[in-house]
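Structure, as structure tokens:
Predicted model only: the values in this text are computed from it and were never measured.
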Amino acid sequence: MHYQSQQHRQKHATQKKIKTAIFYCLTAIFFCWSTANLATIAQNTGQGGLNGREMRNLLDRGNLTEAVTRIELDWEEDYQKYFKQDFGARAKTAAEISKTLSRLAVQTKKRPALIYAIPRTDQLELILILPDRPPILHSIPSAKQQNLVAVVKEFNSEITNPRKINTTSYLESAQKLYQWIIAPLETDLQTAKIETLLFCVGEGLRTVPLAAMHDGQQFLTQKYSISRIPAFKFTDSNYADLKNTQVLAMGASNFSETANKEPLPAVPLELSAIARQWPGQFFLNEDFTIVNLQSQRLQQRYGIIHLATHSEFRPGTPNNSYIQFWDTQLTLNQMRDLKWQNPPLELLVLSSCRTALGNPEAELGFAGLALQSGAKSALASLWYVSDAGTLALMTEFYQQLKSSTPKDAPIIKAEAMRRSQIAAIEGKLTIENRQLRSSRGETPLPPSIPKLDSKNLSHPYYWAAFSIIGSPW
């Protein structure tokens, strides 16, 4: 019995030593892991990132110059990580951005301002940069991230529902967003006589139909021309007159059998309308291929590429998002390889897009479209608008883009879109008795286009989807 008791004590001691060794091994493993992931841990515990204490301290101290630098860097990393590209843009300070805005105000005769909107757990932070002035900060505690996300979701849901085009169900959320994002800055914007707004916004706000925010009397687009940018460092600030630009317009009314895509019966009318207004070439259906597009660009310098086709911005990696050509898809991750920035492309238009609203990856794909394509600016839609509605807005946009007189400053892209949206809001852009009425007059619609229930396009469902991405100039 004595021998068995001694043996039991020895066995117990051995087990204790093994447990102690395992404990120290696990401790060492955790220490090594935590050291390697120190940055991630710091961010998750509130130290780094735009939602962390460092940003909070910068804002509380009023160090907006450093805050702007941090915002630009953080969002640069978001887009570079998503696209797996090093875009190599030089950082710009808040003072440099302000001077650039001042220069462009003189060149375009439209005074611009930049709005950073940073959703945080505790509140929404707004930083306003005006021409030749120091940045201005406004914090909105009522718009903490949870509240903001809920209102954005409601706004998107109400405005994109075609069953509600005869209602104003979107107004409550449209006005709430206006009160949070625009109203705090309104006095400063009016004092500085601002006419163009560049929005640089964080996750959750990148696919909001900004133009449809409402002050109780007017939509935002009735007061300002608007563009959304991924970061100012990625925005081409060189201004160019588009009046004599050549347009390469391509699209499909019917696709190859392998594409398995719904027809777009208004596309031939859309392309021919552009061709009547602008010099250039247009190609339809079987001629709408990536090879032909590249071939045409080698033969002629086109400043605008217009693609009337299905485009999708989907969750996941960039190769899930694509532009549909006649018989194949150009994925978002392939766009950079086409080198559309050489020669420089002033504007890329995707007239029939659909975006997974509220999805972080789809947001990055949509908001980063101009950046990834190499175009100075892009025009795309957040949701698929009816064929006739798209035709109306596109026709009006190209008409407005060329509407200035020799004595006037040329119309910038964001202003042309603003005027097109106002035409729809004010009932000057309508479809009635199978006639499209716009600033160009009346255009008969072919029988293949389904009849619209609504005789006007004033509901934001029809016009708020369209957005200038990248440079508004």
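Salt bridge status for Glu415 with Arg419: present, with a side-chain N to carboxylate O gap under 4.0 Å.
The backbone N or O of Ala94 lies less than 3.5 Å from no partner atom in the side chain of Ser98, so there is not a single donor-acceptor pair. For the pair Trp383 (side chain) and Tyr461 (backbone), a donor-acceptor distance under 3.5 Å is present. Under a 3.5 Å cut-off, the side chain of Asp236 and the backbone N or O of Lys376 do not form any donor-acceptor pair. Side-chain atoms of Gln372 come within 3.5 Å of backbone atoms of Leu332 as a donor-acceptor pair (strictly under, hydrogens ignored). Looking at Asp241, its side chain does come within 3.5 Å of a backbone N or O of Lys243 through a donor-acceptor pair. The backbone N or O of Tyr322 lies less than 3.5 Å from no partner atom in the side chain of Thr331, so there is not a single donor-acceptor pair. At least one donor-acceptor pair under 3.5 Å links the side chain of Ser377 to the backbone N or O of Ser471.
Rounding to the nearest 0.5 Å gives a distance of 8.5 Å between OH of Tyr82 and CG of Asn333.
Looking at Gln324 and Gln329, their side chains do bring a donor and an acceptor atom within 3.5 Å of each other. Remark: the Ser169 side chain and the Glu158 side chain contain an N/O donor-acceptor pair separated by less than 3.5 Å. Side-chain polar atoms of Trp180 and Ser142 form a donor-acceptor pair below 3.5 angstrom. A side-chain donor-acceptor contact under 3.5 Å links Gln421 and Thr221. In the model, Lys110 has no side-chain atom that pairs as donor or acceptor with a side-chain atom of Thr196 under 3.5 Å. In this model, a donor atom of one side chain and an acceptor atom of the other lie less than 3.5 Å apart for Trp340 and Gln294.
Relative orientation of the His310 and Phe255 rings is tilted, given thresholds of 30° and 60° on the angle between their planes. Relative orientation of the Phe87 and Phe83 rings is perpendicular, given thresholds of 30° and 60° on the angle between their planes.
Of all heavy-atom pairs spanning Lys413 and Leu401, the tightest one is CA-CD1, 3.9 Å.
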| query | Between Phe199 and Val208, is a side-chain contact (heavy atoms from CB on, under 4.5 Å) present by the stated rule, with each step listed? | reply | CA-CA 11 Å; Phe199 284 91; Val208 174; over 6 Å; no
